[in-house]
Amino acid sequence: MHQFDEFYYGSYRRLLPALTLLCGSRAEAEDVLGHAYVAALESWNRVSRLERPEAWVRRVAMNKAVDLHRERSRASRVLHRLVGPAIAPEPRLEEFPELGRALRQLPEQQRLVLVLHYAADLSVAQIAGETGLRPGTVKAHLARGRTRLAQSLNAQRTLEGERCP
Amino acid sequence: MTAIDESDIPELLSQASADLALQGSVPSVVGIHSRARPSRRWRAPALPWPAAASLSVAFVVALAAALAVGALVFPRGNAAPGPTAGGDAAQNPPCAQADRALSARGHRVIDSTRSFFADGWELLDQEELAPCLDPGQPETHRAQAQISVIWRAVGDRPGVVTVWQTAYDPPRTREDFVEGRTPDRAYGRIVSEKTDGDRTTILFDDGHTNVTAIAFRSDGLMAAANDVMERGVFAMSASELQDLAEAALAAGGPAGGAR
């Protein structure tokens, strides 16, 4: 088997869950991860010599996911002005809809840091290395992100409780 | 139902991640191989220096001859700027026209309709958008409209300007654009306004982060260019923005025309 193929099959299941939580949709996560693997294969001579090729692929995929999120926000602003807010479809995390909605409400960096730490199991130092943030900033995002995510999940539960007596 | 404490978050995310890892299958690596471009690195075979030198001289002579022939066959004045966008410019003549019009004004068009409506947005094609704008539905505009083309253009400063073209039937009036459908949908205060024959161009500023130039004609076609402030700066000047909206309007009607 080609060295890249082994790397692909060995790392795919480790990378996909965190990206799914970040993107809010499995399909979108598969797209951005596919894009990152294609980029890795095109530069495989260089990527394979890195200490952690998996971190490189994750970084490319995360960047792509953030770009997509920003593009969607921009498109949403334009279409809101043109045709109203109701028709803009949002990605849906089918398996964990409540968690998906709550994560989407977090600021970009809080979401990224929470997902990398708790879903991808990276240490604060690794997150700092991959995102370019200082370790102190990563810790601050983690603390604020946990608080906000809990608040958002509780707010959703309260709302659902009011709707369904 | 028990409330979630922030100390529950690590376990919640970790468990979600573990569950997601168990679901679905890994797509075949064949798809990745088929999408990857072949390696762009090419190494010239090593040649003894006399052969390399003579090849270099031959290459320079051939290049000079090709440039001379090219200059005769394709004089500079006739070169039309081609569409720079991906998307469906090739399949959509008005889109390609507008791409050229925007490119000719020095804007790099980085995207157009198809890629703008990527993923979930693809559902919002013209056919599906029209009912949302039907006069029979409450909270929607009284006119039917088609969004035919949306571009994102890049100016000389950081940031992206979104340009779109819409056909209204019946045509919208100046008041429609100035008042907006509801206060939060108004474009802002008028900074400048000019009329040139059938065409009116109005520049709006919402006083915060949005500047919008709208150019429209009495036949119902409208084009707008919207610049959203990013990191404290706008991507384009007001006159560039107006120019962009007018160029998009001049590029013609949407595919299929106004209803």
Side-chain angles (χ1 to χ4, degrees), chain A residues 2 4-5 8-9 12-14 16-18 20-21 25-28 30-31 34-35 37-42 44-45 68 71-72 74-75 77-84 86-91 95-96 99 114-115 117-121 143 145-147 149-151 153-154 157 160-161, chain B residues 1-14 16-24 26-27 29 31-33 35-41 111 116-121 123-124 128-129 132-133 139-141 145 147 150 152 160 162 164 166 180-181 184-185 187 210 212 224 226 228:
Chain A
H2 189 280
F4 173 83
D5 297 0
Y8 172 85
Y9 286 116
Y12 193 93
R13 277 194 194 278
R14 279 198 298 273
L16 189 68
T20 305
L21 290 170
S25 137
R26 188 182 182 98
E28 196 166 298
E30 285 175 346
D31 279 353
H35 166 90
Y37 275 118
V38 168
L41 179 57
E42 285 173 351
W44 186 239
N45 277 343
L68 273 178
E71 191 171 300
R72 185 175 290 117
R74 192 177 280 124
R77 282 200 298 269
V78 171
L79 283 174
H80 175 83
R81 188 180 288 281
L82 280 167
V83 290
I87 63 165
E90 296 257 340
E95 301 86 349
F96 308 96
L99 182 61
L114 274 184
V115 165
H117 193 56
Y118 297 119
D121 221 11
R146 279 194 305 263
T147 309
L149 193 61
Q151 284 170 348
L153 285 166
N154 286 326
R157 289 184 170 195
E160 275 164 22
Chain B
M1 201 180 288
T2 53
I4 292 174
D5 187 75
E6 67 174 271
S7 60
D8 300 328
I9 297 297
E11 175 60 24
L12 194 67
L13 285 169
S14 171
S17 171
D19 289 353
L20 286 167
L22 295 174
Q23 291 167 13
V26 180
V29 75
I32 302 294
H33 281 286
R35 283 164 60 193
R37 284 170 297 180
S39 172
R40 279 163 288 176
R41 288 192 178 179
D111 219 341
F116 189 85
F117 286 133
D119 303 323
W121 295 90
L123 297 171
L124 293 174
E128 289 176 276
L129 199 57
C132 302
L133 299 161
E139 302 297 318
T140 57
H141 194 266
I147 297 172
I150 298 181
R152 296 186 300 139
V160 172
T162 306
W164 68 94
T166 308
R181 278 176 42 206
D184 70 313
R185 301 276 295 282
Y187 291 99
N210 266 279
T212 312
N226 171 242
V228 179

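Per chain, numbering begins at 1; letters A, B, ... match sequence-line order. Quick note: numbers below take in every heavy atom, side chains included, and nothing from hydrogens, waters or symmetry partners. This is a predicted model, so every value here is computed, not measured.
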Contact origin within A:Ala40 toward chain B - heavy atom pairs under 4.5 Å: neither
If we ignore hydrogens and angles and just use 3.5 Å, is the side chain of A:Tyr118 paired with the main-chain N or O of B:Ser17 as donor and acceptor? no
Under a 4.5 Å cut-off applied to non-hydrogen side-chain atoms, are B:Ile32 and A:Asp5 in contact? no
Using side-chain heavy atoms (C-beta onward) and a distance below 4.5 Å, is A:Phe4 in contact with B:Val29? yes
Nearest 0.5 Å, what's the CD1-CG distance between B:Ile4 and A:Leu153? 4.5 Å
Which atoms form the tightest heavy-atom contact between A:Arg13 and B:Ala21, and what is the distance? NH1-O, 2.9 Å
Calculate, to the nearest 0.5 Å, the distance between atoms CD1 and NE2 belonging to B:Ile9 and A:His117 respectively. 13.0 Å
List the atom of B:Pro27, the atom of A:Tyr8, and the distance in Å for their closest heavy-atom pair. O-OH, 2.7 Å
Determine the minimum heavy-atom distance between A:Arg26 and B:Leu20, stating which atoms define it. NH1-O, 3.4 Å
Heavy-atom proximity to chain A below 4.5 Å, by part of B:Gln23: both
Portion of A:Leu149 that has a non-hydrogen atom of chain B nearer than 4.5 angstrom: both
Heavy-atom cut-off 4.5 Å, strictly under: side chain, backbone, both or neither for A:Phe96 against chain B? side chain
So which of B:Ser14, B:Gly31, B:Ser7, B:Ala16 has the largest heavy-atom pair count under 4.5 angstrom toward chain A? B:Ala16
To the nearest 0.5 Å, what is the distance between CG (B:Asp19) and OG1 (A:Thr20)? 12.0 Å
